[in-house]
Number of protein chains: 2
Amino acid sequence: MNFSKTASYSLNVLSYMATHDNNMSAAFLHEKLSIPYPYLRQVLTSLSKSGFIHSTRGRSGGFAFSKQKSDIFLADIIESTDGLESLNKCILGFNSCPFNNECSMHKVWEETRNGILKVLKSTSLSDLVRTPD
Amino acid sequence: MNFSKTASYSLNVLSYMATHDNNMSAAFLHEKLSIPYPYLRQVLTSLSKSGFIHSTRGRSGGFAFSKQKSDIFLADIIESTDGLESLNKCILGFNSCPFNNECSMHKVWEETRNGILKVLKSTSLSDLVRTPD
DNA sequence: CATAAATGATACCTATTTGTAGCATATTAT
DNA sequence: ATAATATGCTACAAATAGGTATCATTTATG
Ligand code: SF4
Ligand code: SF4
């Protein structure tokens, strides 16, 4: 009942970058966020390939946003890592529903997941900014 | 962003049993729910050990509820499989929050997860019954 | 130019989850 | 009694997720 580590690390990295701006190296992010360095490298590469950020190589290289922070929504980040399909499954784990979509969980779960989706789709990285340390 | 297979299978099995009553064998449940038979066996044993159901061995054995269906809440089932702690983590994946618990996701996520918890804690197996096939 | 500091790419290892197999034991029908 | 049909137990295998290690390439700086 939570996102994968990869998704969490991605949110973590991007939200940190969004609130501190400018170019950041993997080594710096590793130090700040305590994400295992080699794993973090992979996550950053993958975020680059997804188009959220881009890299510059060489001595003072690192990663920076490729798009406006206001154009990157949390749902985009989850979509690129875990996918969002899981939010459309029966919470009881049935593949074919024996209750004709009418058991007492159905509606309430539908509303909950729509709520989650709505928040993820309407919150961009620029919306997160509050009191960064 | 969903429960483990073990948790889903457990919900699936128990909700099926709740709406069809009486003693059921693993073989029968396997046929009805298409859960891999050996895995299902393990799940059923584990649900027995958790006290939701009990088994009787031998030729006409199988599994039946040990408690009133109205006393088994979905939250109990999730607790015994995946645990519920995951619902208390920062959605952005921070261990120590750099936003002083004030980023724009915090409150909304808190409300969402409290909503999920509330539903899981207030829905018992007997509440599920609707139009079983 | 040489060095240091960065990413690109990729192969590998480890832990967890999911799924399989087999034998022991219990109970019922015949 | 014996066979059939159950679960108990437990070891193993496969798939996935999480994490590590290495070397090549790029670029700024002295
Ligand atoms: S009605 Fe209940 S069992 Fe059927 S799909 Fe909806 S949540 Fe699942
Ligand atoms: S304020 Fe935001 S980053 Fe901090 S714990 Fe809450 S959700 Fe996580």
Side-chain angles (χ1 to χ4, degrees), chain A residues 1-14 17 22-66 78 80-83 85-86 89 93 95, chain B residues 1-14 17 22-66 78 80-83 85-86 89 93 95:
Chain A
M1 197 57 196
N2 43 19
F3 301 120
S4 69
K5 290 258 183 182
T6 298
S8 288
Y9 288 161
S10 298
L11 288 166
N12 195 326
V13 162
L14 292 179
M17 287 178 69
N22 293 323
N23 199 67
M24 287 182 190
S25 72
F28 177 80
L29 285 165
H30 162 65
E31 186 179 312
K32 289 295 182 185
L33 303 177
S34 307
I35 298 169
Y37 179 74
Y39 204 144
L40 175 58
R41 291 282 311 281
Q42 292 184 139
V43 168
L44 287 165
T45 297
S46 156
L47 290 172
S48 295
K49 290 186 172 163
S50 299
F52 300 118
I53 52 178
H54 65 272
S55 61
T56 52
R57 298 173 74 166
R59 180 150 181 159
S60 55
F63 299 86
F65 283 106
S66 303
I78 300 297
S80 79
T81 49
D82 293 356
E85 321 80 50
S86 64
K89 291 184 186 161
N95 289 318
Chain B
M1 199 56 196
N2 41 21
F3 300 121
S4 69
K5 290 257 185 182
T6 298
S8 288
Y9 288 161
S10 298
L11 289 166
N12 195 325
V13 163
L14 292 178
M17 287 178 69
N22 293 322
N23 197 68
M24 286 182 190
S25 71
F28 177 80
L29 286 164
H30 163 65
E31 188 179 311
K32 289 297 182 184
L33 304 177
S34 308
I35 299 171
Y37 178 74
Y39 204 139
L40 175 58
R41 292 280 314 280
Q42 292 184 140
V43 168
L44 287 166
T45 297
S46 155
L47 290 173
S48 295
K49 289 186 173 166
S50 299
F52 300 119
I53 53 179
H54 66 273
S55 61
T56 51
R57 298 171 75 167
R59 181 154 181 158
S60 57
F63 300 86
F65 283 107
S66 304
I78 301 298
S80 80
T81 48
D82 293 356
E85 321 80 51
S86 63
K89 291 183 184 160
N95 288 320

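A quick note: this is a predicted structure, and the numbers were derived from the prediction, not measured.
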| query | Using a cut-off of less than 4.0 Å, is there contact between a side-chain N or O of B:Ser60 and OP1 or OP2 of D:dT5? | reply | no
| task | Grab the CG-P distance between B:Leu29 and D:dT7 for me, whole Å please. | result | 9 Å
| field | Separation of D:dA21 P from A:Leu40 CG (nearest whole Å) | value | 15 Å
| query | Taking protein heavy atoms under 4.0 Å as touching, what does nucleotides 10-19 of chain C look like 5' to 3' if B marks base contact, S marks sugar-phosphate-only contact and - marks none? | reply | BB------BB
| field | Nucleotide C:dA9, atom P - distance to CG of A:Leu44 in whole Å | value | 14 Å
| query | Heavy atoms under 4.0 Å, any strand shown: does B:Tyr37 hit a base, just sugar-phosphate, or nothing? | reply | base
| Between CE on residue B:Met17 and CG on residue B:Leu44, distance to nearest 0.5 Å | 7.5 Å
| Residue A:Thr45, side-chain heavy atoms: nucleotide from C:dA6, C:dG8, C:dA29 that is nearest | C:dG8
| query | Once you round it to whole Å, what is the distance between P of D:dA6 and CZ of B:Arg59? | reply | 8 Å
| Pairwise distance CG(B:Leu33) to OH(B:Tyr9) - rounded to 0.5 angstrom | 10.5 Å
| said: Measure NE2/B:His30 against C1'/C:dT20 and give the value in whole Å, please. | reply: 13 Å
| said: I'd like to know if the side chain of A:Ser66 and the backbone of A:His54 have a donor-acceptor N/O pair within less than 3.5 Å. | reply: yes
| query | Donor-acceptor pair under 3.5 Å: do we get one between A:Arg57's side chain and the base of D:dT25? | reply | yes
| query | A:Ser48 near the nucleic acid: base, sugar-phosphate alone, or nothing, with a heavy-atom cut-off under 4.0 Å? | reply | nothing
| Within the pair A:Lys49 and C:dT7, is there a side-chain N or O less than 4.0 Å away from OP1 or OP2? | no
| message | Distance criterion of 3.5 Å, no angle test: do you see the side chain of A:Arg41 paired donor-to-acceptor with the base of C:dG8? | response | yes
| request: Measure the spacing between OG of A:Ser80 and CD1 of A:Ile78 and express it to the nearest 0.5 Å. | output: 8.0 Å
| In Å and rounded to the nearest 0.5 Å, what is the CE to CZ distance from A:Met24 to A:Phe65? | 8.0 Å
| message | Test your reading of the model: is there a side-chain donor-acceptor pair from B:Asp82 to the backbone of B:Phe3, 3.5 Å cut-off? | response | no
| Which atoms form the tightest heavy-atom contact between B:Leu40 and B:Ala26, and what is the distance? | CD2-O, 3.4 Å
| query | Atom CZ of A:Phe28 and atom P of C:dT7: how far apart are they, to the nearest Å? | reply | 12 Å
